[in-house]
Protein chains: 4
Amino acid sequence: MSRPDALLPRKSPRQRRARLTVASLLEAAAQLIETQGMDGFNTNAVAERAGVSIGSLYQYFPSKDALTLALLEREAGRFEADALAALEAPDGPAALRHLIGASVRQQLERPELARLLDEQEGRPELRAHLDKGRFGQLIDTLLQRPGLPRQMDAALAAADVAALIRGLVDGAGERRETDLADLQRRVEAAVFGYLERAAAAAPGGQGRECESGMRAGPGPA
Amino acid sequence: MSRPDALLPRKSPRQRRARLTVASLLEAAAQLIETQGMDGFNTNAVAERAGVSIGSLYQYFPSKDALTLALLEREAGRFEADALAALEAPDGPAALRHLIGASVRQQLERPELARLLDEQEGRPELRAHLDKGRFGQLIDTLLQRPGLPRQMDAALAAADVAALIRGLVDGAGERRETDLADLQRRVEAAVFGYLERAAAAAPGGQGRECESGMRAGPGPA
Amino acid sequence: MSRPDALLPRKSPRQRRARLTVASLLEAAAQLIETQGMDGFNTNAVAERAGVSIGSLYQYFPSKDALTLALLEREAGRFEADALAALEAPDGPAALRHLIGASVRQQLERPELARLLDEQEGRPELRAHLDKGRFGQLIDTLLQRPGLPRQMDAALAAADVAALIRGLVDGAGERRETDLADLQRRVEAAVFGYLERAAAAAPGGQGRECESGMRAGPGPA
Amino acid sequence: MSRPDALLPRKSPRQRRARLTVASLLEAAAQLIETQGMDGFNTNAVAERAGVSIGSLYQYFPSKDALTLALLEREAGRFEADALAALEAPDGPAALRHLIGASVRQQLERPELARLLDEQEGRPELRAHLDKGRFGQLIDTLLQRPGLPRQMDAALAAADVAALIRGLVDGAGERRETDLADLQRRVEAAVFGYLERAAAAAPGGQGRECESGMRAGPGPA
DNA sequence: CATGAATGAGTGTTCATTCAT
DNA sequence: TATGAATGAACACTCATTCAT
């Protein structure tokens, strides 16, 4: 907590072995969080499960928070790899649908992990170091796409959409839902419903879009 | 964690002094959680801030979790006192609007507390002892009211609406929003949008309601 | 008390330093029990007297009971190292005399420690994990040797002899006796007297042994 | 621990109600010790089980040790009421047999209580205030009676006999024996065996008594 | 006198982090 | 560089005892 860089990985692993070590540490952390909750997530246990000494863990991560952060980023990366394809969708609704799909997939793949990491993102120590709103920014971008109702405050709408997606998928995860398609359908209902009505509430909103392409299309594979 | 009743209050305060002690303990816990996050929430600190000895805390709460639970219930009680009025609203939309209002008020009054307590509700040790889904059940009831689109799976829809409200208000709390009316408007957009579209998606959905009383009315007092 | 393995040593010390740590912890525990009684036996004090941090104690002993158990076993080991030679004695009486000698030596060496540890053995949490009756079993074996009166219920007789030895030497320890030879003489009187008379009481007991080799011989060195 | 009289009952209960309160406190203590071991024996629990406030407990007993002591004395009194009849026995062996009978009865009636209280007697804080060796003194007296082998050191022999009886009956209690007659038989074997041989070992011991009235008679009623 | 709320030193235990080897 | 022994601040919780009501 002392040094300002206490959250950055201590060194980028250049050698292959080092990269492997880092990867096993992250996966060990993920598994512990999944199976035992945040209570079971302690550095000694992570090291042990990774088959590495606690000293080695601190070679690569200067603090527990740094490890948490790295895991958060690993998951964010996985999500983005999936979500960025949304940018290539033909129009706004399709793009948004793809993004929702990515969220749903991410969540239902490792629900407990996703949910608990979501909570960690709220921790003040981590928030500062998080590419915060990368998710929100992506949505922000997509909301500009044609075919979606123009929002008064785009950033706010993006944040709302992000929060709304997160709330729904976390809830589904807690209930151990597994039906991706159904969840996708409901999230789309909420997102597109919100966009339409929030926009409409603004003076001069465009009711016309009520029957636009926003109506549930085929959705992503 | 030893006894099964380790979460029930240890003894009910009979004397006035005792009731005061319990109240200060709960409020001290609330304040600590608000100002320092869950990290600052430890039994010794709670007792100190309440101006009471640690022994007194354990006279009334057999464990830290019991204290957390009691706080959770205190807040749930406050919410319900506000929310139950929804049952007296003339129709479904009005009732739902009132419920959303209660949620928004609760959240924006003590945003950090509300958010962190929401997270605590997810802890397995507590979930079991929680009147789980009191919120969801209330919504479930309201969704049956006339004026709202009939949902295929009412319980699921209720859970979704609950998750969606919670996601949006938590997000607003994190961003330290203070404009209750605007937040209310957006949550209504999401909720009514979801209900309409989720219902519509079901075969034989009723497009007619698109212009029904669900459209933003004056909102709750 | 939580995990079932909370009494097994947590990890075996591999490095020399670790072995030293464990040994000092055990000896510190022994000394505290000796000098301050069980009241002074608390983990923090043990660690401090051992010149080790409390954390180190818990590296090797998962709980206070585990430490107690280990100490119990250390002492049992010392006793057995001495007592097992009894098996090589030429006949029953000689063997029994040797065993009594070992008991007497053990007791008078560190009387308070021996007495208090004896009491600990009775604690339910520990009894389960104790090679219970190793002492009794040894006696059981010796009682089969020639030259000793045959007992009706050998196991019961063995238990009685064990209890009787323990009672006498504990009592002597409490009185701070130091004359090993005299104590040995009296314990032999009780043990052989018991064996002869308990056997005689059974129908067809052999009064003949009244003047056998059971009469106090020279005893062990 | 401060006042020198911290172990004496704070006041002799004169009124009938007070005597009742004291009695229920003692019995509550006894039951807690029996059922939960010394761990369950704490002042608050005793008061609660006795149906009395903790404040009242401290009205009658200035400290926990005072309560323990009083319980110890209650049990000693019960024992003596039974044992003193031994003084009226016609000869030494009969008297001793009666004493053994009293010990056996006392032990098997409430074995766990008896055993744990025996251990408490060893506590330094209590030993000082105990009519120590009332048991030993009684034996001492009995050993002077005709018909028993003369011992060199009568006090030592008495202590040995006491320790030996206690060891055997405690052991039997731990094994949850219930056959009073058999236990009595074995204790007599040990006691008389010890007396005969310990005496015989002294120069000029009287082998003659080998077949004296010490041989197991009918035993006490 | 009885009550029971309040006290607080004390105890067992955890876990992030350091550093000698 | 990797190891794992060691550290110690921090924390949950207990219980003998006091004292205002």
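Spacing between atom CG of C:Leu20 and atom P of E:dA20 amounts to 18 Å, rounded to whole angstrom units. In this entry the distance linking CG of B:Leu7 with C1' of F:dA12 reads 14 Å, nearest Å. Distance, A:Gln59 CD to E:dC19 P: 13 Å, rounded to whole Å. Residue B:Asn44 contributes atom CG, which lies 11 Å from atom P of F:dA10 at whole-angstrom precision. As rounded to whole Å, 4 Å separates atom P of E:dA5 from atom OH of B:Tyr60. What separates CG of A:Leu25 from P of E:dT17 is a distance of 14 Å, to the nearest Å. What separates NZ of B:Lys64 from C1' of F:dA12 is a distance of 8 Å, to the nearest Å. Spacing between atom CG of C:Leu57 and atom P of E:dC15 amounts to 16 Å, rounded to whole angstrom units.
D:Thr43 has no side-chain polar atom (N or O) that falls below the 4.0 Å cut-off from OP1 or OP2 of F:dC15. Remark: B:Ser53 is in phosphate contact with E:dT7, judged by side-chain N or O atoms under 4.0 Å from OP1 or OP2. Of the side-chain N and O atoms in C:Tyr58, none sit less than 4.0 angstrom from OP1 or OP2 of E:dT14. Contact between the side-chain N/O atoms of B:Ser56 and the OP1/OP2 oxygens of E:dA5 is not found at any separation under 4.0 Å. OP1 or OP2 of F:dT14 lies within a sub-4.0 Å distance of a side-chain N or O belonging to B:Arg10.
In terms of position along DNA chain E, the nucleotide closest to C:Phe41 lies nearer the 5' end than the nucleotide closest to the other residue of the pair A:Ala45 and C:Phe41. Toward the 5' end of DNA chain E, the nearer of the two residues D:Thr21 and C:Asp39, judged by each one's closest nucleotide, is D:Thr21.
Side-chain atoms of B:Arg10 and B:Gln59 include no donor-acceptor pair closer than 3.5 Å.
With rounding to the nearest 0.5 Å, the separation of CG in C:Leu57 from CG in C:Leu67 is 5.5 Å. We find the CD-CG distance between D:Glu125 and D:Leu130 to be 12.0 Å, quoted to the nearest 0.5 Å.
Where DNA chain F pairs in unbroken runs of 3 or more (Watson-Crick or G-U, both distances under 3.5 Å), the stems are E:2-21 with F:2-21.
Counting non-hydrogen atoms of neighbouring residues, nucleotides and ligands closer than 6.0 angstrom, the CD atom of A:Glu48 reaches no more than 12 such neighbours.
Distances from the side chain of C:Ile54 to the nucleotides F:dG8, E:dT17, E:dA2 place F:dG8 closest.
Ion pairing between C:Glu27 and C:Arg110 holds under the 4.0 Å rule for side-chain N and carboxylate O.
With respect to D:Arg123, the side-chain hydrogen bond (donor to acceptor under 3.5 Å, both in side chains) criterion is satisfied by exactly one of D:Glu121, D:Gln120, D:Glu119: D:Gln120.
As judged by a 4.0 angstrom heavy-atom cut-off over every strand, A:Asn42 is placed among residues touching the sugar-phosphate backbone only.
Cation-pi geometry between D:Lys64 and D:Tyr58 is not met at under 6.0 angstrom from the ring centre and within 45 degrees of the axis.
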